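Letters A, B, ... mirror the listed sequences (proteins, then strands); counts begin at 1. As a basis for the values below, the full set of heavy atoms in this structure was taken, side chains included, without hydrogen atoms, waters or symmetry mates. A quick note: this is a predicted structure, and the numbers were derived from the prediction, not measured.
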Amino acid sequence: MKQFLTQIINNRRIGADFFELWLRWDAPAPVPEPGQFLTIRISDDNVPLLRRPFAFAGYAEPSGAVSVIYQVRGRGTEILAARQPGENIDVIGPLGRPFPIRENQKKAVVIAGGVGLGPILFLADRLRSRDISTTLIFGCRSKSLIPDSVDFMNAKPVICTDDGTHGFKGNPIKYIAAKADIDNKTTIYGCGPVPMLRSLCKLNRPASAQIWISLEALMACGVGACMGCAVPTVSSGYSRACKEGPVFNGKEILWEQM
Amino acid sequence: MGTNVDMTVSIGSKSLPNPVGVASGTFGYGREYEELTDLANIGAIFTKAVTLKSRKGNAPPRIVETPSGIINSIGLANVGVNYFLSNKLPFLKTLPCAVIVNVAGSTEEEYLQVVQKLETAEEGIWGYEINVSCPNVKHGGLAFGTDPLQIEQLTAALRKLTPKPLIIKLTPNVTDIALIARAAEAGGADAVSLINTLVGMVIDTKKKRSALGTLTGGLSGPAVRPVGVALTYKASRAVSIPVIGMGGIMNTEDALQYLLAGASAIQIGTANFIDPQTPEKVLGGIRRYCEKQGVSSVTDLCWLATL
């Protein structure tokens with residue numbers, strides 16, 4: 001991890017609900033892996049006070065740039081959405097544990113709900129670059145929320161909408177249960193709202209099909225010091241989303257406490 | 001840095017390399033920030049609280065942001081004293097800065113046992129900071145730090161266990177900080193540090209319950225700074241031992257307020273989350289201010305103010 005000032009390359013709205021931010025990410029900044037995140041100092045003032053965490057949505061190696069996909073939810077992301085290309089921004093990253101990819105992995109199903117799309121896009125890209133057969137399933141409430149981005153469309157997603165205005169009608173879990181081919185060689189990855197991840201982990205599947213999920217948590221430090229981002233886990237009582245996570249094995253999470 | 005300002009600060013029989021420490025709970029056990037700042041520039045690392053047994057901590061959510069502040073409800077989640085000695089101290093003792101172990105407990109015996117165990121370490125521990133904001137389970141859950149009698153007894157009992165600097169970390173949630181600071185001094189403390197967090201509460205109006213996993217938590221950050229400065233001033237006038245000031249220090253200017261109010265040293269807390277290089281920047285700023293003011297020792301700063 002490193003703290004440095006970097007430049008905003010692009011910051012634009014994609015779809016009704018999401019923004020995509022591109023930042024310069026040159027050496028010696030360590031190369032990010034899918035599942036890892038960075039924290040951004042939103043403002044030099046004291047409101048909002050804390051840095052905000054965002055998962056990497058992509059890394060363009062030749063040009064030395066990273067992207068994140070975010071949703072405007074409050075004061076912090078409102079301020080971020082107003083930042084302009086060319087401006088400098090204070091970042092720390094890469095942080096946290098990435099999605100694990102097994103040596104002899106052949107097949108993957110990756111699921112994103114809403115703003116959970118960022119890390120899943122990055123992961124799908126990485127899996128495919130390793131010749132792992134990858135199905136990307138994206139779910140959102142309605143057609144207007146589907147991201148308007150070339151990277152997203154290039155990832156050939158299966159799109160699910162809750163209201164059926166585009167693609168499969170229903171959430172990604174319903175799609176998987178009805179249509180996805182999950183055998184004992186499939187690794188499943190997910191990022192999105194807790195109810196979606198919870199039902200994903202309860203999905204009927206071959207015992208050897210692993211599930212890895214990435215969790216969102218409120219964080220103060222992002223580096224493992226403050227113990228603020230506690231996630232209830234089977235082995236440790238609580239684990240830190242920023243250090244042991246944000247990617248966890250699905251069976252590690254105590255879902256009833258989430 | 002080619003300067004002749006003496007930045008050292010004496011506490012008890014020892015001396016800190018400089019007056020800028022990092023506050024307990026905001027800096028882990030040091031290693032967490034190794035890649036983000038030069039730990040050698042920090043005057044003292046006040047460790048995450050260490051208790052007799054490891055603690056899982058409170059149910060999440062543990063953090064909520066407030067205007068210019070945060071409220072935390074971590075619940076002293078920590079690895080416990082044995083694990084601290086075997087797994088955290090080996091790294092800490094390689095550092096040039098002072099390592100001050102923050103100790104917490106829910107009975108007097110627990111505090112004593114933790115310090116006894118820490119005293120078995122041959123090297124690496126510079127001193128102790130005692131968190132007396134914990135509820136005393138044997139006194140109806142009232143915090144040790146709100147009762148001068150309990151403070152004096154606890155301090156005196158700890159004093160018998162160690163010759164190392166003993167710092168009592170005071171809670172601001174009291175009527176008269178002077179009374180409490182004097183009790184710590186009477187018990188044999190080498191310094192007092194203040195302020196711990198202020199009790200605060202945020203209600204989630206959609207869920208109609210606390211925004212934290214617990215009802216209340218501890219407020220820190222710039223929002224509490226004026227409280228910290230005022231209590232530092234009061235405490236420093238009440239005792240002759242050094243006062244270590246903290247509460248919402250984000251930059252040099254904030255740190256100088258504490259030093260002018262009567263603090264001999266300061267701690268950076270919440271600011272470490274926002275900019276891990278704050279301690280380093282503040283240290284440089286204090287040094288420059290001393291040079292500009294023409295004082296030869298940082299501990300002379302408190303004499304400059306007319307308060």
Chemist: Side chain from CB out, backbone as N, CA, C, O: work out which of these in B/Thr26 comes under 4.5 Å of a heavy atom of chain A, or both, or neither.
Modeler: backbone

Chemist: Keeping the roles fixed (side chain from B/Glu110, backbone from B/Ser106), state whether a donor-acceptor pair exists under 3.5 Å.
Modeler: yes

Chemist: Before we go on, tell me: are the rings of B/Trp126 and B/Phe46 under 6.0 Å apart, centre to centre?
Modeler: no

Chemist: Would you give the length of the straight line joining atom SG of A/Cys229 to atom CD of A/Glu244, rounded to the nearest 0.5 angstrom?
Modeler: 8.0 Å

Chemist: Top residue by heavy-atom pair count (under 4.5 Å) with chain B, among A/Met258, A/Arg41, A/Met219?
Modeler: A/Arg41

Chemist: Side chain, backbone, both or neither: which part of B/Glu65 has a heavy atom under 4.5 Å from chain A?
Modeler: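 Just the side chain, heavy atoms under 4.5 Å.
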
Chemist: If you tally heavy-atom pairs under 4.5 Å against chain A, which of B/Ile274, B/Ile63, B/Thr66 wins?
Modeler: B/Ile274

Chemist: Has B/Thr37 got a side-chain atom pairing as donor or acceptor with B/Gln277's backbone, closer than 3.5 angstrom?
Modeler: no

Chemist: Counting only heavy atoms closer than 4.5 Å, note whether B/Ala59 contacts chain A via side chain, backbone, both or neither.
Modeler: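 Both parts, heavy atoms under 4.5 Å.
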
Chemist: Between B/Asn82 and B/Lys117, is any side-chain donor less than 3.5 angstrom from a side-chain acceptor?
Modeler: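 Yes, B/Lys117 and B/Asn82 have a side-chain donor paired with an acceptor closer than 3.5 Å.
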
Chemist: Let me know if B/Ile74 has heavy atoms under 4.5 Å from chain A in its side chain, its backbone, both or neither.
Modeler: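 Interface part for B/Ile74: side chain.
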
Chemist: Side chain from CB out, backbone as N, CA, C, O: work out which of these in B/Asp275 comes under 4.5 Å of a heavy atom of chain A, or both, or neither.
Modeler: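 For B/Asp275, backbone and side chain are both near chain A.
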
Chemist: Taking every non-hydrogen pair under 4.5 Å, which of A/Asp90, A/Leu50, A/Val47 racks up the most with chain B?
Modeler: A/Leu50

Chemist: Relative to chain A, which of B/Ile70, B/Asn272, B/Asn72 shows the most heavy atom pairs under 4.5 Å?
Modeler: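 Among the listed options, the one with the most contacts to chain A is B/Ile70.
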
Chemist: Under a 4.5 Å cutoff for heavy-atom pairs, which residue among A/Lys2, A/Met227, A/Arg75 has the most contacts with chain B?
Modeler: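 Ranked by heavy-atom pairs under 4.5 Å with chain B, first place is A/Met227.
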
Chemist: What residue, out of A/Gly228, A/Ser236, A/Pro232, has the most heavy-atom pairs lying under 4.5 Å from chain B?
Modeler: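 That would be A/Gly228.
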
Chemist: Non-hydrogen atoms of chain A under 4.5 Å away: do they reach the side chain of B/Thr270, the backbone, both or neither?
Modeler: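 B/Thr270 touches chain A through side-chain heavy atoms alone.
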
Chemist: For A/Arg24, is there any backbone N or O sitting under 3.5 Å from a side-chain donor or acceptor partner on A/Thr6?
Modeler: yes

Chemist: Against chain A, label B/Tyr33 side chain, backbone, both or neither, depending on which of its atoms sit under 4.5 Å from a heavy atom there.
Modeler: side chain

Chemist: May I ask you to establish whether B/Lys56 and A/Tyr238 are in a cation-pi arrangement, using a distance under 6.0 Å from NZ or CZ to the six-membered ring centre and at most 45° from the ring axis?
Modeler: yes

Chemist: List the steps and the verdict of salt bridge (Lys or Arg N to Asp or Glu O under 4.0 Å) for B/Asp254 and B/Arg225.
Modeler: CA-CA 8 Å; B/Asp254 300 345; B/Arg225 195 187 59 236; 3.2 Å; yes

Chemist: Output the option from B/Ala271, B/Ser68, B/Gly28 having the highest count of non-hydrogen pairs under 4.5 Å with chain A.
Modeler: B/Ser68

Chemist: Got a sec, which pairs hit side chain to side chain donor-acceptor pair (under 3.5 Å) with one end in residues 249-258 of chain A, sequence neighbours left out?
Modeler: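 Of all non-adjacent pairs touching residues 249-258 of chain A, those that pass side chain to side chain donor-acceptor pair (under 3.5 Å) are A/Ser235-A/Glu252.
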
